[in-house]
Protein chains: 2
Amino acid sequence: MDAAEWLFADQGFEGTSIRGIVDAAKVNLAAIHYHFRSKEALLEAVLTRRITIINEVRLKRLEFAEASAAPRSASVEEIVRAFIAPTVEFAQRDKSGATFVQLMSRMFTERRFSLTDFLGRKFGDTIGRFTGALLGALPHLPREVVLWRTFFAIGAMHQVLCSPGKIDLVSRGLLESTSNDELTEYLVQFAAAGLCANSSSKPSKKKSKTLTSRRRNE
Amino acid sequence: MDAAEWLFADQGFEGTSIRGIVDAAKVNLAAIHYHFRSKEALLEAVLTRRITIINEVRLKRLEFAEASAAPRSASVEEIVRAFIAPTVEFAQRDKSGATFVQLMSRMFTERRFSLTDFLGRKFGDTIGRFTGALLGALPHLPREVVLWRTFFAIGAMHQVLCSPGKIDLVSRGLLESTSNDELTEYLVQFAAAGLCANSSSKPSKKKSKTLTSRRRNE
DNA sequence: GTCTATAGAACGATAGAC
DNA sequence: GTCTATCGTTCTATAGAC
């Protein structure tokens with residue numbers, strides 16, 4: 001449901017009530033519970049509807065980039081572009097597309113287990129395919145470094161997509177608005193350069209505590 | 001209140017009820033409304049308590065980096081480190097610190113105006129100081145490019161901080177846990193390299209629609 | 001300043017007529 | 001499959017005793 005997509009993106013999952021969706025979509029409250037089992041299932045249906053499409057486009061672009069570069073491996077920039085461009089283009093297509101990428105990015109910051117698990121199922125294979133390509137294109141870097149940098153790049157992309165107005169925190173209104181094509185290129189250049197950085201000073205003085213210890217609630 | 005910090009970080013603002021906080025903190029429901037005016041004011045109080053400290057450390061580090069490099073401008077890497085390291089170190093300090101940076105990162109993805117406005121007031125000056133330093137260190141790059149890249153770097157940092165377990169989406173469990181010191185260096189290297197990238201292929205085929213809310217005035 | 005008690009509204013979910 | 005009606009719960013916020 002388009003109304004659910006918009007409201008979830010705008011107010012978050014918990015901040016959105018089924019009743020609000022019902023009012024916006026001018027449908028019946030009980031019909032939601034009939035077609036989807038619950039509020040959470042509705043969210044997953046909204047997400048699944050588009051994620052499948054975006055990831056298919058991503059994989060197609062990656063395959064094309066790899067075929068074009070064969071027998072050498074595709075360049076980091078092309079791999080990154082194959083991941084990022086479909087998302088920005090999807091956001092560009094129409095209002096609904098823009099809304100969806102906001103929602104998707106926002107869901108990556110949620111900590112609820114059921115959602116994290118859902119994202120893992122939906123994105124695991126695609127991301128795995130891309131990390132494989134990046135590891136192949138950056139054989140001189142440790143696996144750990146490439147994986148973290150991939151994560152950073154996704155974070156940079158999500159920050160841009162999930163809350164459009166937040167750039168004002170940095171620009172303070174001094175920035176003319178940037179076209180999507182420019183933005184894609186900015187992102188790709190940034191991410192590709194970051195991924196290719198020389199890993200010169202490996203500190204390797206390990207401390208005990210880490211940020212990555214998982215805390216599963218319930 | 002520490003309990004509020006934890007619950008807001010874990011479940012988001014809308015997902016957390018004052019009653020949940022009251023139960024966790026073993027205090028009285030009415031006392032919350034007496035000391036803070038509302039749920040939103042409680043959130044802002046929780047955020048303000050720490051943001052001030054982190055931003056002070058950031059500015060101190062930036063000034064030190066600039067003084068060390070004088071009369072030349074500080075290196076991009078040092079500027080970036082002055083921004084990122086205090087946050088990761090804060091997260092490392094104790095459980096409460098780790099919880100807070102998760103909360104702060106998460107709030108950056110919220111779209112509610114009152115919160116966006118609040119973040120602008122709390123972070124505007126600090127971020128402005130850093131973008132100024134970066135513009136000085138990267139005089140050959142267009143202002144627009146530097147500002148966007150700064151935004152990307154902040155996004156990369158937030159992605160890491162806000163939901164610790166999400167790296168598994170990329171690593172699929174194949175990654176041993178990384179120490180915070182390593183993680184800081186990974187982030188700094190990634191962000192510095194991204195910020196310094198050659199802006200070779202400026203696309204400049206402008207399309208009409210943009211992802212950012214403001215319209216181009218032309 | 002801290003409590004109990006409760007107002008007043010909104011929530012997710014379901015039952016059952018049609 | 002779509003409706004009305006409602007259950008049982010939870011929510012923020014406040015009033016008023018101590």
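Just the heavy atoms: all of them, side chains too, but no hydrogens, waters or symmetry mates, feed the values below. Below, chain A is the first sequence line, B the second, and so on; all start at residue 1. Predicted model only: the values in this text are computed from it and were never measured.
The separation between A/I32 atom CD1 and D/dG1 atom P is 15 Å, rounded to whole Å. Per the geometry, CG belonging to B/L7 stands 11 Å off P belonging to D/dC11, to the nearest Å. Rounded to whole Å, the distance from NE2 on A/H33 to C1' on C/dG12 is 5 Å. With rounding to whole Å, A/E14 atom CD is found 13 Å from D/dT10 atom C1'. D/dC11 atom C1' lies 16 Å from atom CD of B/E40, rounded to whole Å. In this structure, B/F13 atom CZ and D/dC11 atom C1' are separated by 12 Å, rounded to whole Å.
A donor-acceptor contact under 3.5 angstrom links the side chains of B/Q102 and A/R111, judged on distance only. Side chains of A/E110 and A/T116: a donor-acceptor N/O pair is absent below 3.5 angstrom, by distance only.
With salt bridges taken as basic N to acidic carboxylate O contacts below 4.0 Å, none links A/R149 and A/E144. Taking the charged nitrogens against the carboxylate oxygens, A/D117 and A/K122 have no contact shorter than 4.0 Å, which rules out a salt bridge. At a threshold of 4.0 Å, the pair B/R49-B/D2 counts as salt-bridged, since one of the basic side-chain nitrogens sits closer than that to a carboxylate oxygen.
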* nucleotides 3-10 of chain C: protein proximity per nucleotide (B base, S sugar-phosphate only, - neither; heavy atom, under 4.0 Å) -> BB------
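Every residue two or more places apart in sequence or in another chain that forms a side-chain contact (heavy atoms from CB on, under 4.5 Å) with A/L47 is listed here: A/L43, A/I51, A/F100, A/L103, A/M107, A/L115, A/F118.
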